[in-house]
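It should be emphasised that the depicted structure is a prediction, and the values quoted were computed from it without experimental measurement. Every chain is numbered from 1 and lettered A, B, ... according to where its sequence line falls, protein lines coming before strand lines.
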Amino acid sequence: VYVHNVFLRCLCRARKLGEAMQILERMAENGCHPDVVSFTTVIDGLFKVERVQDAFELWYKMLGLGFLPDSVACAALIHGLCSLGKIDEAYELFVKMIKKKVVLDVSVYNALIGGFCKCGKGSRAEILSAFMERNGCSPDVVTYNTLINLYSKEGRLNDSQRLIMKMVGKGIAPNSYSYNELIDGLCRANKIDKAYAIMCQKMEASGLTDVVSYNTLMNALCKSRNSGKAYNLCHEMLQKGIYPDTVTYTTLVNGFFRENDPEFAVELFHEMLGRGLAPDAIAYTSVIDHFCRLDKIDEAFDMFYDMIRKGCTLDVIAYNSLMYGLCKSFRVHEALELFEEMTKTGCNPDEHTYNLLIGGLCRERRFINMARELWYQMMEKGYVL
RNA sequence: UGUUCUUGGUUUGACA
């Protein structure tokens, strides 16, 4: 079963859910009966490719076979729903569980608290974290981190710091997530020096500084047009034995493109390849986007094909970037072809897609009717121009 | 062997 489960996980991570489901079906025939772990793995995988319906069917199938979902399975279900914006359904399930007097694990609470945070209902997240205590479930480091992140994103830096003090007081040691979230909050409030100080003083002391800490600082520097300073941090991190990753490079590449140094940006991209770091969809899209802005559509397309060749999943942002570039170069027609393609491949257009296409179509009088058509389509989906 | 928390990519406008 272990081997099968590991294999299932691999398939899910490669987004091969069809195969994963087949394997799951056939396991019993091969005399290897799937367990809760097998089901949870695939259910989680289905959510990650947004197949809610299938995930639910598998969940009920699991129940039907007499399996009792454990806390990990419950958390996976709740989180899956939340990650697709179905917070109300997640909450309903949660309430049902409470009513049945099921003893909920801290990770189930955490999943729901995170869901509330993500959809902008921070106050409900706070309420829930207070509720869990009363219900006999103590918050753990993840609970605290979830709230620290919330506060940091909302700019409530004092609350973030207060929470770190509080967890220490309760004997829960803050980890790198806790501090990285705080650092990120400080950076977003333009307090980069303070963020750096905390990294050096608090994190360094407990060996918590990691690549994410540096990436966070470097991103802040790049955003404030100090990409050079960000780049210099590379040396410092290497001295500490922390190695730049794909995120580091992507951050810098974007920084230098934005500061009108495309040559160095491209050089960094190649340096990344040279170090054996595989660019992901975000790294590719960044370069594609900047090439488009520089009217280097052909180079952008080269990257796009490269990205496909490497098996990166083309997401809505990748399509949007390229379509934007095409519109900008008055190649609206090709943009519309891509639009069709993305719809066919099951990549759903978002608000940005419609805005950019309509913007592109309006630039030429002859396309004005098509613009109108898209506008109606957009409104049907509940987007606003 | 499975779940929950942190960093990087896309649209338009207003003001200056």
I need the CE-P distance between A/M199 and B/U6, as an integer number of Å. 20 Å
Rounded to whole Å, CE of A/M203 lies from P of B/U7 at a distance of 13 Å
A/H79 atom NE2 is separated from B/U4 atom P, nearest whole Å, by 5 Å
Base, sugar-phosphate or nothing for A/D280? Non-hydrogen atoms, less than 4.0 Å. base
Atom pair CD/OH of A/E271 and A/Y249 - distance to nearest 0.5 Å: 3.5 Å
If you look at every strand shown and take non-hydrogen atoms under 4.0 Å, does A/D105 touch a base, only sugar-phosphate, or nothing? nothing
Select base, sugar-phosphate, or nothing to describe what A/T216 touches, counting heavy atoms under 4.0 Å on all strands. sugar-phosphate
Let me confirm one number: the OH-CG distance from A/Y324 to A/L356, rounded to the nearest 0.5 Å. 8.0 Å
Can you tell which of B/G2, B/U4, B/U1 lies closest to the side chain of A/V6? B/U1
Per-nt protein contacts along nucleotides 9-16 of chain B (heavy atom under 4.0 Å; B base, S backbone sugar-phosphate only, - none) come out as BBBS----
Please work out if A/A75 contacts a base, only the sugar-phosphate, or nothing of the nucleic acid, heavy-atom cut-off 4.0 Å. base
Aromatic contact between A/F301 and A/F291, with the criterion being ring centroids under 6.0 Å apart: yes or no? no
By nearest atom, which of the nucleotides B/G2, B/U6, B/U4 is closest to the A/N149 side chain? B/U6
Looking at B/G2, does its base get a donor-acceptor pair with the side chain of A/D35 below 3.5 Å? no
Please work out if A/K328 contacts a base, only the sugar-phosphate, or nothing of the nucleic acid, heavy-atom cut-off 4.0 Å. nothing
Name the nucleic acid region contacted by A/T40, choosing base, sugar-phosphate or nothing; use a 4.0 angstrom heavy-atom cut-off, strictly under. base
If you look at every strand shown and take non-hydrogen atoms under 4.0 Å, does A/T143 touch a base, only sugar-phosphate, or nothing? nothing
Rounded to whole Å, the CG-C1' distance (A/N145 to B/U6) equals 8 Å
Before accepting this row, confirm whether a basic side-chain N of the pair A/D184/A/K153 lies closer than 4.0 Å to the acidic partner's carboxylate O. yes
Nearest whole Å is fine: how far is B/G8 C1' from A/R188 CZ? 10 Å
By side-chain hydrogen bond (donor to acceptor under 3.5 Å, both in side chains), A/D88 pairs with (sequence neighbours left out) none
Parallel, tilted or perpendicular: which describes the rings of A/F264 and A/Y231, with under 30° parallel and over 60° perpendicular? perpendicular
To the nearest Å, give me how far apart CG (A/D140) and P (B/C5) are. 12 Å
Spacing between A/E154 atom CD and B/C5 atom C1', to the nearest angstrom: 15 Å
d(CD1, A/I43; P, B/U4) in whole Å: 13 Å
Pi-cation contact, A/Y91 with A/R124 (under 6.0 Å, within 45°): yes
